[in-house]
Amino acid sequence: MNMDNVNDNACLERIYALSADALSKRQMPVLPDVSALAFCRACLFESIPDHGIGVEETTNHLCLDVAPVLNASGLSPNYYGFVTGGITPAARVAESLVSLYDQTPQVHLPNETIASNVEDRALSLLLDLLNFDRRKWSGVFTTGATASNVVGLACGREFIINQRLKACMGPESQGSLGSLGLLKACRMAQIDEINIYTTMAHSSLYKASSIVGLGRSCVHDVRRSGSGFGFDLEDLERRMESGQHNSVSIVVVSCGEVNTGLFATYGRRDLLNLRSLCDKYGAWLHVDGAFGIFAKLLDSVAGFERVAQGAEGVDLADSITGDAHKLLNVPYDCGFFFCRHPDLAQQVFQNPNAAYLDTKTAPTDTIRSPLNIGIENSRRFRGLPVYATLVAYGRDGYRDMLHRQSRFARAVAAYLYEHDAFELLPKNVFKYRERIDQNIFIIVLFKAKDDGLNEQLVQRINASSKIYVSGTVWDGSPASRIAVANWQVEPHRDLEIVKGVVEEVIKTWAKGK
Ligand SMILES: *Cc1c(COP(=O)(O)O)cnc(C)c1O
């Protein structure tokens with residue numbers, strides 16, 4: 001490998017120039033050209049070259065064949081697919097430091113690096129931002145909300161099974177699920193069923209359930225019939241009660257449903273009801289607040305009381321999932337997991353018998369090595385961009401950002417509501433115009449009234465390449481979904497862009513008929 005005479009600074013300069021160019025564009029195509037995609041796909045190396053082409057040639061390849069055919073999901077304020085977020089300037093700056101130092105914060109080495117202190121502080125600032133009591137909650141960074149749900153179910157599983165083990169084997173028993181394993185622990189605790197009760201759960205909860213050995217089929221939707229995504233508390237209690245001798249359960253609250261942005265609970269009373277059922281039957285209460293947890297930031301903003309209620313009372317849960325690469329606008333991949341039982345994660349994630357990773361710290365130092373309370377043993381220093389962006393913009397900056405995003409989502413919803421050609425979904429929620437200004441958070445779900453147009457709506461909107469929306473299915477029909485998550489949103493400017501695209505789609509559809 002010849003690494004002597006390459007001018008990698010010049011290569012970096014080219015990449016910086018490319019990013020400066022991309023960042024300076026206020027409006028850019030949200031999708032690359034399809035023919036360019038096909039062309040560039042053919043330019044990718046099919047096999048490893050015997051002799052590498054070197055950094056300069058590789059930089060050419062990246063600048064000419066890769067960068068131009070990436071989409072603008074993180075760069076453009078008009079990309080409304082999924083909930084992607086972008087990267088704030090402060091997070092971008094911090095991210096380059098992450099790459100430069102290439103340092104893993106997984107082992108707490110307070111006399112050698114400040115990395116784990118920074119992550120610990122970043123988690124504390126996040127707790128502050130979301131108004132959680134730092135003394136009661138502790139956290140860990142994950143790769144995203146899916147991983148946080150895995151950690152949440154793993155902790156929940158540990159807790160509920162260990163409780164039963166103690167009840168069966170006596171309080172002195174040393175066994176725990178983490179050491180015994182699921183099969184043996186369940187046999188000793190006389191458990192033959194583990195259930196997860198939820199409403200309108202994100203698909204990743206089913207995945208997480210499979211990963212931790214509970215299975216996708218143990219996730220049950222106990223939604224109340226009628227409008228809204230709330231729990232049917234009677235059904236929930238009946239199920240918990242009927243299985244109380246041989247089963248244990250985890251209750252998961254969808255704090256922000258991904259298709260609609262609506263919430264499973266509204267206000268502290270709803271969480272209190274779930275909490276008391278969980279206490280009565282020894283269940284674990286987990287909240288999936290990937291993006292919804294940020295609604296807490298709007299609790300003092302006039303007009304957003306109902307949305308803020310969607311995240312009210314979540315401090316009554318045992319554990320909480322959040323995404324930082326969505327509404328916090330830091331780079332992929334970054335999620336967080338908060339828990340109210342400080343020693344539990346260690347029972348699950350303890351990396352045992354690795355003396356070389358044991359670090360002696362001062363007795364007053366309470367920081368735990370992240371490798372013993374989370375999934376990875378090595379990973380990137382993903383807490384640094386979180387720390388940087390929170391320090392740079394503060395609580396007010398984030399409140400303002402979310403307020404802009406929400407106002408814009410409401411303006412789009414109102415425009416579609418008034419429009420003859422469209423219908424807001426869920427229909428029973430948006431029966432009245434006032435509901436928009438109560439319920440819309442950052443997602444707008446809608447369909448065209450004309451079935452033919454509706455079939456093609458997402459494709460026709462995205463063909464403009466001025467905005468991007470994602471498709472989904474709602475009540476058996478195709479639906480379109482606008483998710484607002486980028487820090488650069490400007491409600492007035494962006495509303496005009498959306499209107500322009502939508503009017504054009506309507507016009508060409510009418511002409512084609
Ligand atoms: C996005 C999302 C997830 C999954 O998040 P990833 O970051 O993709 O792992 C889980 N739950 C909810 C509610 C989400 O919105």
Side-chain angles (χ1 to χ4, degrees), residues 73-74 79-87 91 126 130 139-156 196-212 216 219 221 223 229-231 250-266 285-296 307 310-311 314 317 319-338 374-376 379-380 382-383 385-386 402 405-406 409 440-445 469-472 474 481-486:
S73 62
Y79 187 97
Y80 305 118
F82 319 100
V83 184
T84 57
I87 308 181
L126 253 182
L130 300 171
V140 68
F141 284 111
T142 66
T143 53
T146 302
S148 296
N149 281 338
V150 171
V151 176
L153 293 189
C155 287
I196 298 177
Y197 297 118
T198 185
T199 66
M200 298 302 285
H202 188 267
S203 51
S204 63
L205 185 71
Y206 294 83
K207 176 173 175 169
S209 181
S210 163
I211 294 173
V212 301
R216 288 182 291 271
V219 182
D221 195 301
R223 186 179 162 189
F229 301 158
F231 283 83
I250 298 173
V251 173
V252 179
V253 175
S254 300
C255 177
E257 190 277 325
V258 78
N259 282 298
T260 58
L262 299 172
F263 295 83
T265 59
Y266 284 97
L285 185 55
H286 176 71
V287 168
D288 180 355
F291 65 89
I293 197 72
F294 289 90
K296 283 185 126 218
V307 164
V314 292
S319 60
I320 294 175
T321 280
D323 245 333
H325 55 221
K326 288 180 179 166
L327 290 180
L328 201 69
N329 277 256
V330 299
Y332 290 116
D333 28 32
C334 188
F336 51 90
F337 174 75
F338 292 148
I375 295 174
E376 306 100 334
R379 63 166 171 83
R380 57 187 266 275
R382 63 171 74 100
V386 172
L402 193 59
Q405 291 163 336
S406 278
I440 294 277
F441 179 32
I442 54 145
I443 295 178
V444 182
L445 185 69
V469 304
S470 42
T472 187
W474 193 259
R481 185 173 155 277
I482 286 185
V484 186
N486 193 285

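Numbers here are sequence positions counted from 1. Heavy-atom basis, side chains included; hydrogens, waters and symmetry copies ignored. Whatever order the structure lists them in is the order used to number ligands and atoms, beginning at 1.
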K.L.:
Less than 4.5 Å apart, any side-chain heavy atom of Val150 and any of Val212?
P.N.:
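Side chain of Val150 against side chain of Val212, heavy atoms only: contact under 4.5 Å found.
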
K.L.:
Students often mix this up, so state it plainly: with edges at 30° and 60°, are the rings of Phe263 and Tyr266 parallel, tilted or perpendicular?
P.N.:
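Judged by the thresholds at 30° and 60°, the geometry between Phe263 and Tyr266 is perpendicular.
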
K.L.:
Identify, with sequence neighbours excluded, every residue that meets salt bridge (Lys or Arg N to Asp or Glu O under 4.0 Å) alongside Arg481.
P.N.:
none

K.L.:
What residues form a side chain to side chain donor-acceptor pair (under 3.5 Å) with Thr142, not counting sequence neighbours?
P.N.:
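With sequence neighbours excluded, Thr142 shows a side chain to side chain donor-acceptor pair (under 3.5 Å) to Ser148, given in chain and number order.
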
K.L.:
List the residues meeting side chain to side chain donor-acceptor pair (under 3.5 Å) with Tyr79, not counting sequence neighbours, and say none if there are none.
P.N.:
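Applying side chain to side chain donor-acceptor pair (under 3.5 Å) to Tyr79 gives none.
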
K.L.:
Which value, rounded to the nearest 0.5 Å, describes the distance between Glu376 atom CD and Thr143 atom OG1?
P.N.:
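Taking CD in Glu376 and OG1 in Thr143, the distance rounds to 6.0 Å.
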
K.L.:
Do any nitrogen or oxygen atoms of ligand 1 lie under 3.5 Å from a protein nitrogen or oxygen, and which ones?
P.N.:
from	atom 1	to	atom 2	distance (Å)
ligand 1	5 (O)	Asp323	OD2	3.2
ligand 1	7 (O)	Ala145	N	3.3
ligand 1	7 (O)	Asp323	OD1	3.2
ligand 1	7 (O)	Asp323	OD2	2.7
ligand 1	7 (O)	His325	NE2	2.7
ligand 1	9 (O)	Ala145	N	3.3
ligand 1	9 (O)	Thr146	N	2.8
ligand 1	9 (O)	Thr146	OG1	2.6
ligand 1	11 (N)	Asp288	OD1	3.3
ligand 1	11 (N)	Asp288	OD2	2.7
ligand 1	15 (O)	Lys326	NZ	2.8

